[in-house]
Amino acid sequence: MTYVTKIYLPNREKFKAYIDGIYESGWLTNNGPLVQELEEKLEKHLGVKNLLCLSNGTTALQFAYRLLEQNGEVITTPFSFVSTTSAIVVENSIPVFADIDKETYNIDFKNIEKLITDKTYAIAPCHVFGNACEIDEIDKIAKENSLKVIYDASHAFDVEYKGKHILNYGDISVVSFHATKIFHTVEGAAIVIKDDALYEKAKLLRNYGVGGPDSVDMLGINAKMNELEAAMGLCMLDELDMIMAERKKSKTFYVEALKKYIQLQESNSDATQSYSYFPIVFKTEEEMSRVREALLEHDIAARQYFKPSLDTLPYVEHREVMKNSRDIASRILVIPMHSGVEVKVSEIIIETLNKLWK
């Protein structure tokens, strides 16, 4: 079976050399030397400061809200992976949904301001499929209303906005290093924190609040990345240029092959493109279903991603129907984008659509 993502494994001998070093040192976790090295190299590679590696992306999102130590309302997108919403709920805040733009699939900044109340303390947009949000507009709204901005940049490791890496924006940005991502550490994530004092607090928070051998300075959690994961990340960094080149080639092929047939995500013109995922939106849900079934007949598993629209979750308050999000969720399909499958996938999609349209 061919899946949407294909996990990339770097040079085995290089990874083994790191593992041999771990065996020699016996240092497996608790802010080990490889984690520290990875954090330093990522800061340099991405052009950011105050980056901390954490155990996974969902924990990183929860971590962001816990750092702020506020309870109230967070204005967020209904079109993302479920963790974007669940992190807010788990940290005792209330997600308030602002509907998306039907072309970019990102939160529509024009829908945010009307939702702000005296209970609102943050805006939490997602760069959906790595497509940069309208950052300037969102940050302007946040500043005018004294709100924090937490960006879910889980898919945006490869994206720059106006010449700077996208993790530089917002008060806090979170990026996932899950195995399915362009850059991964098997499981893992990073959080980038603009405020230096909050960054120092975060270093305590990720290790139970422990400030020293005999002191606990605050209530914390265990959100640490381990040395084996950091070793994978260091290997991945060395091969990142090659990975990016291959994925760029795949996306370019798809765009040229499919742009005449189906709706493609509209990219932010102020940002570089992402090569994380390739979503396509069909005219109807029936078209989407027929294409999905045709691909499955050839052992190609596309995903209706993101579905469900998060405003339909059973554990959130239902204030308003997110029409755009629900509509896109019903017609979207994310197709495999990794070297070797693009021609076959595109041919099946085009053949199926042509049959439907006759």
Side-chain angles (χ1 to χ4, degrees), residues 18-19 21-72 74 83 86-94 121-122 124 146-154 167-168 170-178 184-234 237:
Y18 280 114
I19 300 304
I22 293 170
Y23 268 78
E24 290 171 11
S25 71
W27 197 340
L28 294 176
T29 187
N30 290 347
N31 199 32
L34 296 184
V35 170
Q36 294 178 50
E37 181 182 352
L38 180 61
E39 288 175 342
E40 291 172 6
K41 287 188 173 180
L42 283 172
E43 286 189 340
K44 183 177 180 181
H45 177 81
L46 301 173
V48 300
K49 70 169 190 172
N50 295 349
L51 179 147
L52 287 177
C53 287
L54 302 177
S55 53
N56 62 67
T58 302
T59 296
L61 286 168
Q62 292 177 217
F63 196 89
Y65 297 109
R66 188 166 297 202
L67 267 179
L68 296 179
E69 293 187 316
Q70 296 192 52
N71 299 122
V74 178
S83 58
S86 63
I88 297 170
V89 177
V90 168
E91 293 304 321
N92 300 310
S93 289
I94 299 170
Y121 72 89
S146 301
L147 302 176
K148 300 294 185 182
V149 180
I150 299 170
Y151 280 111
D152 183 342
S154 292
L167 294 176
N168 283 288
D171 296 282
I172 299 173
S173 278
V174 169
V175 61
S176 172
F177 296 157
H178 185 266
H184 75 83
T185 57
V186 184
E187 284 278 4
I191 188 167
V192 176
I193 303 164
K194 185 168 289 184
D195 181 80
D196 293 340
L198 205 59
Y199 169 68
E200 294 300 323
K201 178 181 174 182
K203 288 193 283 188
L204 287 176
L205 178 62
R206 74 169 168 177
N207 187 32
Y208 304 100
V210 173
D214 304 307
S215 67
V216 177
D217 299 343
M218 62 177 291
L219 175 64
I221 60 175
N222 179 12
K224 302 184 299 293
M225 178 180 284
N226 65 54
E227 289 291 272
L228 283 81
E229 290 170 331
M232 177 62 73
L234 290 166
L237 269 181

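Quick note: numbers below take in every heavy atom, side chains included, and nothing from hydrogens, waters or symmetry partners. Throughout, numbering of the chain's residues begins at 1 and tracks the sequence.
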Can you find a heavy atom in the side chain of D171 that is under 4.5 Å from one in the side chain of D195? no

Just so I know, are the side chains of L68 and I150 near enough to count as touching, which here means a heavy-atom distance under 4.5 Å? yes

Without swapping roles, check the side chain of Q36 against the backbone of N31 for a donor-acceptor pair under 3.5 Å. yes

Closest approach of L167 to A153 (non-hydrogen atoms, all atoms of both residues): CD2-CB, 3.8 Å

With no hydrogens and no angle check, is any side-chain donor or acceptor of D217 less than 3.5 Å from a backbone partner on G209? no

Would you give the length of the straight line joining atom CD1 of I19 to atom CG of L228, rounded to the nearest 0.5 angstrom? 4.0 Å

Decide yes or no for L204 and K201: does some side-chain heavy atom of the first lie under 4.5 Å from some side-chain heavy atom of the second? no

Within the side chain of E91, is there an N or O that forms a donor-acceptor pair under 3.5 Å with the backbone of F63? no

Test of understanding: with salt bridge (Lys or Arg N to Asp or Glu O under 4.0 Å), list the residues that count as partners of D196, not counting sequence neighbours. K49

Looking only at heavy atoms, which two atoms of L61 and A87 are closest? And how far apart? CB-CB, 3.5 Å

Short side-chain to backbone donor-acceptor contact, N207 and V210, under 3.5 Å: no

Worked check of side chain to side chain contact (heavy atoms under 4.5 Å, CB included) between T185 and L38: CA-CA 10 Å; T185 57; L38 180 61; 4.1 Å; yes

Nearest non-hydrogen partners of L51 and Y199, listed with the distance: N-CE1, 4.0 Å

Does a side-chain heavy-atom distance below 4.5 Å link S93 with Y65? no

Could you point out which residue of M225, E229, M232 forms a side-chain contact (heavy atoms from CB on, under 4.5 Å) with F177? M225

I need the N56 CG to S176 OG distance, nearest 0.5 Å. 8.0 Å

For residues K224 and N226, is any side-chain donor paired with an opposing acceptor at under 3.5 Å? no

What pairs with E43 under salt bridge (Lys or Arg N to Asp or Glu O under 4.0 Å), at least two apart in sequence or on another chain? none

Any sub-3.5 Å donor-acceptor pair from K41's side-chain atoms to L234's backbone N or O? no

salt_bridge(R206, E39) N-O dist < 4.0 Å: yes

Spacing of NZ belonging to K44 relative to CG belonging to L42, to within rounding of 0.5 Å: 12.5 Å

What heavy-atom pair brings C53 and V35 nearest, and what distance separates the two atoms? CB-CG1, 4.4 Å

Of the non-hydrogen atoms in L205 and R66, which two are nearest, and what is the gap between them? CD1-CD, 3.9 Å

On a heavy-atom basis, which atom in I193 and which in L198 lie closest, and how many Å separate them? CG2-CB, 3.7 Å

Would you indicate whether L219, at its atom CG, is surrounded by more than 12 heavy atoms from other residues, nucleotides or ligands within a distance under 6.0 Å? no

Given 3.5 Å as the limit, does a donor-acceptor pair link the side chain of N71 with the main chain of N92, or not? yes

Contact between K148 and I172 at the side-chain level, heavy atoms closer than 4.5 Å - yes or no? no

How many angstroms lie between OG in S86 and CD in Q62, if you round to the nearest 0.5 Å? 6.5 Å

Does K203, at its NZ atom, have more than 12 non-hydrogen atoms belonging to other residues, nucleotides or ligands within less than 6.0 Å? yes

